[in-house]
Amino acid sequence: MPELPEVETMRRGLAGIVGRRVAALEFPRSRVRPISISPPPATLAGRVAGRTIAGAHRRGKRVVLELVTAGDRLWLVVEPRMTGLFLVGDPPSPDHVRMRIQLAGRGALGSVLFWDRRGLGTIRLLDDRGLEAACGTAVLGPDGLAVTGAELRSALGRSRRAVKVALLDQRAVAGIGNIYAAEILFRAGIDPRTACRRLAADLWERIADRTRAVLAEAVRLEGSSIGDETYRTADNRPGRAQLRHRVYGRENVPCRDCGTPVRRIVQAQRSTFFCPTCQVRSRAARRRGLATHARMP
DNA sequence: CGTTCAACCTGGGCGC
DNA sequence: TGCGCCCAGGTTGAAC
């Protein structure tokens, strides 16, 4: 589920807890298998209780809570992976509540939950060095909301990988996932199977531009809620970015721009959706496609 | 360097 | 109803 726009929406949904003190961290047990928590729950809870939440940050697709106490700072790094999310109210199912942050004192919020149905998410408590190792520039590239064409070209321009697969590489650019990779390439008019090294140099600027635009729009619309609508905002509303999807999840549906049925293929064991007419590889056809999209972005 | 596959999990949807 | 299969927003490590 959560790609950059969904995680950014989670982060914003946690703005209200910044400045509050943690009374207790709880890791409820249930019938489902526990998620990965490091250090072990009891130890983690002991280290965090009493600290103040000094910030709610995002690094790529991770939520990072800054936890301070006199002379000391720790980072709670939460990776929602496929179905994790933060909630300020009741969870869809109590069995999948993975962590409860009990807040001290009086305020609008008494607690915040991390909920994760599939349980692929992870929670880590790290010091400054650990944060650098887990979220530093060796692991995560420039943020998708700010990435430039030069950065993309430098990271991927010589790669033989298909451009769609490469855009999912978090070291190249942080935050793009399967939904938005498809949407970005549709808006750029580029065939997802194109090898990076075959892309004309100036197309990286175009991809970067569409990356920033698609992700920013999705943040504005509070992320994509699709399928079983697992994803919700922290106050339990669905996102609206799915209403703008041009290709993702639309196999055989006529392309909104040209009417050609959207195709689904598999790349690196993941579905890729694209319009075989609007997104093209050949130089001449690409010119045509770009001209089309230049008129209707 | 790059690709492929399996694994980590739960649950919804579909065909029979 | 039930069973079996396929699918899902992510990431990692092993094998080739």
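Being a predicted model, the structure only gives us computed values, none of them experimental. Protein chains get the first letters and strands the later ones, always in sequence-line order, with residue 1 at the start of each.
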Asker: In which ranges does DNA chain B form stems of 3 or more consecutive Watson-Crick or G-U pairs, distances under 3.5 Å?
Answerer: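 The stems are B:2-8 with C:10-16, B:10-16 with C:2-8.
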
Asker: Need one value for A:Y248: base, sugar-phosphate or nothing, where a base atom within 4.0 Å counts as base even if backbone is also close, heavy atoms only.
Answerer: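 Counting heavy atoms under 4.0 Å across all strands, the contact made by A:Y248 is with sugar-phosphate only.
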
Asker: Taking only Lys NZ, Arg NE, NH1 and NH2, and the carboxylate oxygens of Asp or Glu, determine whether A:D191 and A:R193 approach each other closer than 4.0 Å.
Answerer: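 Yes, A:D191 and A:R193 are salt-bridged.
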
Asker: Among C:dG10, C:dG9, B:dT10, find the nucleotide with the atom closest to the side chain of A:I179.
Answerer: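 Looking only at heavy atoms from C-beta outward on A:I179, the closest nucleotide is C:dG9.
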
Asker: Please report the distance, rounded to the nearest Å, between CD1 in A:I226 and C1' in C:dG9.
Answerer: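 Whole-Å distance recorded here is 6 Å.
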
Asker: Let me check something: do A:V32 and A:M82 share a hydrophobic cluster, defined by ILVMFWY side-chain heavy atoms less than 4.5 Å apart, either directly or through other members?
Answerer: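 Each belongs to a different hydrophobic cluster.
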
Asker: What integer distance in Å separates A:D116:CG from C:dT11:P?
Answerer: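 Result: 13 Å.
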
Asker: Of the options B:dT3, B:dT10, C:dG10, whose atoms approach the side-chain atoms of A:M82 most closely?
Answerer: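 The answer is C:dG10, which lies nearest to the side chain.
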
Asker: Counting only side-chain nitrogens and oxygens, does A:R270 get under 4.0 Å of the OP1 or OP2 atom of C:dA8?
Answerer: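 For A:R270, the contact criterion (side-chain N or O under 4.0 Å from OP1 or OP2 of C:dA8) is not met.
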
Asker: Is any NZ, NE, NH1 or NH2 atom of the basic residue among A:K61 and A:E79 found under 4.0 Å from an Asp or Glu carboxylate oxygen of the other?
Answerer: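 No, this pair does not count.
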
Asker: Can you find a heavy atom in the side chain of A:R58 that is under 4.5 Å from one in the side chain of A:D143?
Answerer: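 Yes; the side chains approach each other to less than 4.5 Å.
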
Asker: Counting heavy atoms from C-beta on, name the nucleotide in C:dC7, C:dG10, B:dT10 closest to the side chain of A:R264.
Answerer: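 The answer is C:dC7.
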
Asker: Could you work out the complete set of other residues in the hydrophobic cluster of A:V77, with links drawn between I, L, V, M, F, W and Y side chains under 4.5 Å apart?
Answerer: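 Members other than A:V77 - counting any ILVMFWY side chain reachable under 4.5 Å - are A:V64, A:W75, A:L126, A:L131.
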
Asker: Please classify the nucleic acid contact of A:R62 as base, sugar-phosphate, or nothing, using heavy-atom distances under 4.0 Å.
Answerer: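 It contacts nothing in the nucleic acid.
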
Asker: Are any of the side-chain nitrogens in A:D116 or A:R81 under 4.0 Å away from the carboxylate oxygens of its partner?
Answerer: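 The answer is no: the pair does not qualify as a salt bridge.
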
Asker: Starting the side chain at C-beta, find the nucleotide from B:dG2, C:dT11, B:dG11 nearest to A:E79.
Answerer: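 Side chain of A:E79 sits closest to C:dT11.
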
Asker: For B:dC8 and C:dC3, measure between their P atoms and round to the nearest Å.
Answerer: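 Those two atoms are separated by 23 Å.
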
Asker: Would you classify A:G119 as touching base, sugar-phosphate or nothing, given that sugar-phosphate means primed atoms plus P, OP1 and OP2, and contacts are heavy atoms under 4.0 Å?
Answerer: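 Contact class for A:G119: none.
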
Asker: Figure out the CZ/C1' separation between A:R158 and B:dG2, and round it to whole Å.
Answerer: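 From A:R158 CZ to B:dG2 C1': 16 Å.
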
Asker: Return the 5'-most residue of the pair A:R118, A:Q170 with respect to DNA chain C, ranking by each residue's nearest nucleotide.
Answerer: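 Mapping each residue to its closest nucleotide by heavy atoms, the 5'-most match is A:R118.
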
Asker: B:dC1 and C:dG10: how far apart are their P atoms, nearest whole angstrom?
Answerer: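 Here B:dC1 and C:dG10 have their P atoms 24 Å from each other.
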
Asker: Measure CD1/A:I123 against P/C:dG10 and give the value in whole Å, please.
Answerer: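 In whole Å, C:dG10 P lies 19 Å from A:I123 CD1.
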
Asker: For A:K164 and B:dT3, give me the distance from atom NZ to atom P, rounded to whole Å.
Answerer: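 Distance check: A:K164 NZ to B:dT3 P gives 12 Å.
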
Asker: Using a heavy-atom cut-off of under 4.0 Å over every strand shown, decide if A:S271 touches base, sugar-phosphate, or nothing.
Answerer: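 Sugar-phosphate: the residue A:S271, judged by heavy atoms under 4.0 Å, touches backbone atoms but no base.
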
Asker: Could you state the atom-to-atom distance from CG of A:L168 to P of C:dT12 in whole Å?
Answerer: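 In whole Å, C:dT12 P lies 13 Å from A:L168 CG.
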
Asker: Please work out if A:Q269 contacts a base, only the sugar-phosphate, or nothing of the nucleic acid, heavy-atom cut-off 4.0 Å.
Answerer: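 Counting heavy atoms under 4.0 Å across all strands, the contact made by A:Q269 includes a base.
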
Asker: For B:dG2, does OP1 or OP2 lie under 4.0 Å from any side-chain N or O of A:S159?
Answerer: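 For A:S159, the contact criterion (side-chain N or O under 4.0 Å from OP1 or OP2 of B:dG2) is met.
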
Asker: Quick one: which of A:H245, A:R244, A:R250 gives a side-chain contact (heavy atoms from CB on, under 4.5 Å) with A:Y248?
Answerer: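 The side-chain contact (heavy atoms from CB on, under 4.5 Å) with A:Y248 is passed solely by A:H245 among A:H245, A:R244, A:R250.
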
